[in-house]
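Comments concern the structure below.
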Amino acid sequence: HLETLSHGQQQRRRVGIVYSRAWQAGVTERVIEPYRLVRTGRGWEVDAGPLDPDGRPRTFLVSNMREAVLREEGFDPPPHLDRLLAEQ
C-alpha cells in the first residue's frame with residue numbers, strides 16, 4: 001500500500017483505506033489525506049488528515065492496512081502542516 005499512499009501524498013489525492021486498528025478491536029473504513037510517510041521502528045507509518053478534533057493529524061501503520069485505494073478527489077493540506085508534523 002506504500003505506493004498508493006505515496007501517489008496520494010505527491011498528487012494530493014485522498015486514499016480510501018480498510019484499517020485494522022492497533023489499540024482497539026475492529027476494522028474501520030475511512031478516507032484519509034496522506035500528508036507524510038515515515039519509516040519508524042514499527043515500520044512504515046502515514047501521518048494523515050483530516051485532522052482530529054484537536055487539530056492534529058492521525059498516524060496509521062501501513063502494515064495494519066488491509067486495503068488502500070487512490071481516489072479521484074483531491075485535498076488541500078492545512079496551511080500550518082509543517083508545524084503540525086514537527087509536533088507529531
Could you tell me which residues satisfy side chain to side chain donor-acceptor pair (under 3.5 Å) with [X], sequence neighbours excluded, listed by chain and number?
{"X": "R66", "result": "S20"}
{"X": "E67", "result": "none"}
{"X": "N64", "result": "none"}

(request) List the atom of A48, the atom of P34, and the distance in Å for their closest heavy-atom pair. (result) CB-CA, 4.1 Å
(request) Could you work out the complete set of other residues in the hydrophobic cluster of L70, with links drawn between I, L, V, M, F, W and Y side chains under 4.5 Å apart? (result) L2, L5, V15, I17, Y19, I32, L37, W44, V46, F60, L61, V62, M65
(request) Kindly give the cluster partners of V31, where membership spreads through any ILVMFWY side chain lying under 4.5 Å from a current member. (result) none
(message) Going by the rule salt bridge (charged side-chain N to carboxylate O under 4.0 Å, His left out), which residues pair with R42 if we only count those two or more places apart in sequence or in a different chain?
(response) E45
(request) Could you pull out all residues at least two apart from E72 that satisfy salt bridge (charged side-chain N to carboxylate O under 4.0 Å, His left out)? (result) R13
(message) Tell me whether D52 is salt-bridged to R58, with the criterion being a basic N under 4.0 Å from an acidic carboxylate O.
(response) no
(message) Using the side-chain contact (heavy atoms from CB on, under 4.5 Å) criterion, which residues pair with E29? Sequence neighbours excluded.
(response) V18
Please list, one pair per line, the donor and acceptor atoms closer than 3.5 Å that link side chains of residues 73-85 to other protein atoms, with sequence neighbours excluded.
residue, atom, partner, partner atom, Å
E73, OE2, R71, NE, 2.6
E73, OE2, R71, NH2, 3.0
R83, NH1, E87, OE2, 3.2

(message) If I take atom OG1 from residue T59 and atom OH from residue Y35, how far apart are they, to the nearest 0.5 angstrom?
(response) 12.0 Å
(request) Decide if atom CZ of R21 counts as having more than 12 heavy atoms of other residues, nucleotides or ligands within a radius under 6.0 Å. (result) yes
(request) Using the side chain to side chain contact (heavy atoms under 4.5 Å, CB included) rule, take Q88 and R36 through it: C-alpha gap first, then chi angles, then the decisive distance, then the call. (result) CA-CA 11 Å; Q88 191 80 352; R36 173 176 69 175; 3.9 Å; yes
